[in-house]
Peer 1: 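The structure follows.
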Amino acid sequence: MIYLDNSATTKPDKVAADKVYEMLTESFGNPSSFHRAGLDANAEIRHAREVIAKSLSAENEEIYFTSGGTEANNLAIFGAAEAKKRLGKRIVTTAIEHESVLEAVNELEKQGFEVIRLIPDASGNISEEQIFEAVNADTILVSIMYVNNEVGSILPIECVRKAVTKAGAPALIHFDCVQAYGKLNIKPKKLGADLVTVSAHKVHAPKGVGALYIKKGTRIVPRTYGGAQESKIRPGTEAAPLIAGFGKAVEIAPPIKEQREKIKALKEYAVNKLLEIDGIRINSPENASDYIINFYVPTFMTSQTLVQHLSSKYGICISSGSACAKGKKSHVLTAMRLPDKVIEHSVRVSFSRNSTKEDIDALIKALSETVKQYPI
């Protein structure tokens with residue numbers, strides 16, 4: 001199998017998987033118990049929290065474990081809105097956010113909040129000017145992703161704090177960094193963030209765990225109630241095996257700069273090869289993440305059909321867009337105002353440190369044969 005769908009999920013590193021197994025079979029105690037088994041499990045969680053915090057240049061107590069990016073995004077958005085609702089009603093986000101942000105703000109809009117959704121240009125970029133224009137004194141939350149999961153746009157989140165300060169807004173600032181974590185250097189304090197979402201299974205760790213950075217002193221309202229776990233922000237028995245596996249994957253990851261140099265070269269190679277196929281068009285902007293390429297394929301197959309064809313005939317795994325969209329028409333490409341013909345025939349390739357030139361060569365061969373055999 002040739003796997004090029006790493007924005008959907010990455011293959012867990014063996015060391016991380018072994019850590020999960022060790023926790024399930026040896027350190028299996030409830031982390032809240034005071035006997036040895038519980039204390040051992042609790043120690044593993046504390047270590048993982050320290051590792052994740054260090055990766056974000058944050059303090060240990062600013063890291064709260066969740067079941068993944070979706071829960072962390074919901075906790076941040078609903079928690080911030082509830083905490084700030086008496087100070088204003090405006091929420092600023094973009095039209096190209098992940099579904100877990102889009103659906104959350106849609107629900108808040110039904111509850112009476114004013115939601116401003118910034119529209120990207122035809123390349124998928126959002127400008128600083130748009131952010132400054134959207135944030136006003138009534139803004140209580142700005143929630144913007146760092147890297148778009150479908151086309152790889154890198155959004156100008158560095159200007160958000162300046163926009164909030166200039167407007168005199170009481171807003172909390174939330175960045176969905178799921179596609180950026182482990183690929184770009186993320187320092188929430190330097191970025192001016194109050195809340196930052198990261199996810200484990202995008203960085204060669206197990207599924208079912210993520211984390212929300214909450215800046216010390218920032219108040220959000222919990223979504224669930226129960227025990228004292230995660231300082232009551234996210235109560236419930238912690239998934240210690242998954243958390244430990246998350247920490248281990250981050251701990252053993254190679255330096256970000258080293259990874260980026262390899263992936264940048266791989267992306268350049270892939271783009272050049274793709275453009276040698278007559279009719280292929282790159283949808284991702286030139287300044288996109290090196291880990292993602294979204295492109296139009298001139299075949300009569302729709303994107304979903306093409307994904308299935310490449311998988312069944314060639315053993316190549318790519319994507320037709322966000323895995324969480326479950327095959328629905330891409331809201332990102334729609335927001336970019338691309339023609340329906342392009343949207344319906346576009347796919348995404350996404351890399352990890354395991355990706356190789358041989359993978360790209362196999363993809364190019366398969367696409368070349370498919371375009372010739374099934375022209376549009």
Side-chain angles (χ1 to χ4, degrees), residues 5-9 68-74 76-78 81 90-111 113-127 130-131 134 141-157 160 174-180 197 199 202 281-285 287-289 291-297 301-308 318-350:
D5 192 19
N6 292 280
S7 287
T9 197
T70 290
E71 184 188 5
N73 281 341
N74 274 256
I77 291 167
F78 285 107
R90 176 171 286 202
I91 296 170
V92 175
T93 187
T94 80
I96 58 173
E97 298 296 313
H98 186 268
E99 285 79 1
S100 58
V101 170
L102 291 178
E103 293 300 322
V105 298
N106 287 348
E107 178 58 33
L108 287 172
E109 190 171 44
K110 293 175 186 176
Q111 296 177 19
F113 290 88
E114 176 194 18
V115 178
I116 305 299
R117 302 171 181 85
L118 305 180
I119 305 298
D121 62 20
S123 296
N125 286 314
I126 301 289
S127 70
Q130 287 177 278
I131 294 172
L141 172 64
V142 180
S143 180
I144 297 180
M145 59 178 18
Y146 198 170
V147 175
N148 179 262
N149 56 307
E150 289 196 37
V151 297
S153 310
I154 299 176
L155 278 59
I157 62 173
V160 175
H174 168 241
F175 296 140
D176 175 355
C177 291
V178 167
Q179 294 294 341
T197 295
S199 181
K202 313 294 188 181
R281 162 185 166 175
I282 306 298
N283 298 323
S284 296
N287 61 341
S289 165
Y291 287 78
I292 297 173
I293 309 173
N294 191 293
F295 56 97
Y296 161 77
V297 183
M301 295 182 185
T302 63
S303 55
Q304 290 182 60
T305 304
L306 178 59
V307 167
Q308 293 167 346
I318 64 171
S319 172
S320 57
S322 171
C324 294
K326 295 292 186 182
K328 292 188 292 186
K329 183 178 178 180
S330 168
H331 70 275
V332 175
L333 300 184
T334 300
M336 289 164 59
R337 298 178 295 282
L338 297 184
D340 286 344
K341 173 185 173 183
V342 172
I343 296 173
E344 292 165 3
H345 298 271
S346 289
V347 292
R348 178 190 69 187
V349 165
S350 47

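Computed from heavy atoms alone, side chains included, the values below leave out hydrogens, waters and symmetry copies.
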Peer 1: Mark yes or no for whether Glu114, through its side chain, and Ile91, through its backbone, hold a donor-acceptor pair below 3.5 Å.
Peer 2: no
Peer 1: Please tell me if the side chains of His345 and Ser303 come closer than 4.5 Å, counting only heavy atoms from C-beta onward.
Peer 2: no
Peer 1: Can any side-chain N or O of Ser289 pair as donor or acceptor with the backbone N or O of Tyr291 at less than 3.5 Å?
Peer 2: yes
Peer 1: What's the spacing between Ile292 CD1 and Ser350 OG if we round to 0.5 Å?
Peer 2: 6.0 Å
Peer 1: If every non-hydrogen atom of His174 is compared with every non-hydrogen atom of Ser143, which pair is closest and at what distance?
Peer 2: ND1-OG, 2.8 Å
Peer 1: Do side-chain atoms of Ser153 reach the backbone of Gly124 as a donor and acceptor pair under 3.5 angstrom?
Peer 2: yes
Peer 1: Report yes or no: do Asn148 and His98 form a side-chain donor-acceptor pair below 3.5 Å?
Peer 2: no
Peer 1: Report the C-alpha separation of Val92 and Leu141 in whole Å, then their side-chain angles, then the decisive distance to 0.1 Å, and conclude whether the side-chain contact (heavy atoms from CB on, under 4.5 Å) test is met.
Peer 2: CA-CA 6 Å; Val92 175; Leu141 172 64; over 6 Å; no
Peer 1: Do you know the tightest heavy-atom contact between Val347 and Leu306?
Peer 2: CG1-CD2, 4.0 Å
Peer 1: Give me the atom names and distance for the closest heavy-atom approach of Ala104 to Asn74.
Peer 2: CB-OD1, 4.2 Å
Peer 1: Measure across Ser127 and Pro156 and return the closest heavy-atom pair with its distance rounded to 0.1 Å.
Peer 2: C-CG, 4.1 Å
Peer 1: Start with the C-alpha gap between Gln130 and Leu118, add the side-chain angles, then the distance that decides, and say whether side-chain contact (heavy atoms from CB on, under 4.5 Å) holds.
Peer 2: CA-CA 7 Å; Gln130 287 177 278; Leu118 305 180; 4.3 Å; yes
Peer 1: So do Arg117 and Thr93 actually touch side chain to side chain, heavy atoms under 4.5 Å?
Peer 2: yes
Peer 1: Would you check if Ser330 and Glu150 make a side-chain contact, meaning some heavy-atom pair closer than 4.5 Å?
Peer 2: yes
Peer 1: At what distance, to the nearest 0.5 angstrom, does OG of Ser284 lie from CE of Met336?
Peer 2: 7.5 Å
Peer 1: Work out which heavy atom in Val151 is nearest to a heavy atom in Pro285; give both atom names and the distance.
Peer 2: O-CD, 3.8 Å
Peer 1: Could you tell me whether the side chain of Ile131 reaches within less than 4.5 Å of the side chain of Ile144, counting heavy atoms only?
Peer 2: yes
Peer 1: Do the side chains of Tyr146 and Asp176 get nearer than 4.5 Å, heavy atoms only?
Peer 2: no
Peer 1: Apply the test side-chain contact (heavy atoms from CB on, under 4.5 Å) to residues Glu107 and Glu103: give CA-CA distance (whole Å), side-chain angles for both, the deciding distance (0.1 Å), then the verdict.
Peer 2: CA-CA 6 Å; Glu107 178 58 33; Glu103 293 300 322; over 6 Å; no
Peer 1: Mind checking what makes side chain to side chain contact (heavy atoms under 4.5 Å, CB included) contact with Arg281, not counting sequence neighbours?
Peer 2: Asn283, Tyr296, Leu338, Val342
Peer 1: Determine the minimum heavy-atom distance between Arg348 and Asn149, stating which atoms define it.
Peer 2: NH1-O, 2.6 Å
Peer 1: Is Asp340 paired with Lys329 through a side-chain N to carboxylate O contact shorter than 4.0 Å?
Peer 2: yes
Peer 1: Under 3.5 Å, is there a donor-acceptor pair linking the side chains of Gln308 and Thr305?
Peer 2: no
Peer 1: By side-chain hydrogen bond (donor to acceptor under 3.5 Å, both in side chains), which residues pair with Glu71, not counting sequence neighbours?
Peer 2: Ser67, Arg234
Peer 1: Using only atom types and a distance under 3.5 Å, with no angle test, would you say the side chain of Lys202 pairs donor to acceptor with the backbone of Asn6?
Peer 2: no
Peer 1: Measure the shortest side-chain to side-chain distance between Val147 and Leu155 over non-hydrogen atoms and say whether it is less than 4.5 angstrom.
Peer 2: no
Peer 1: Ignoring hydrogens and angles, tell me if any N or O in the side chain of Glu97 forms a donor-acceptor pair with the backbone of Met145 under 3.5 Å.
Peer 2: yes
Peer 1: Side chains of Thr197 and Asn73: donor-acceptor distance under 3.5 Å anywhere?
Peer 2: yes
Peer 1: Is there a side-chain contact (heavy atoms from CB on, under 4.5 Å) between Asn294 and Leu333? Walk through the geometry before answering.
Peer 2: CA-CA 10 Å; Asn294 191 293; Leu333 300 184; 4.0 Å; yes
Peer 1: Using modelled atom types only, decide if a donor and an acceptor are shared between the side chain of Thr94 and the backbone of Ile96 within a distance under 3.5 Å.
Peer 2: yes
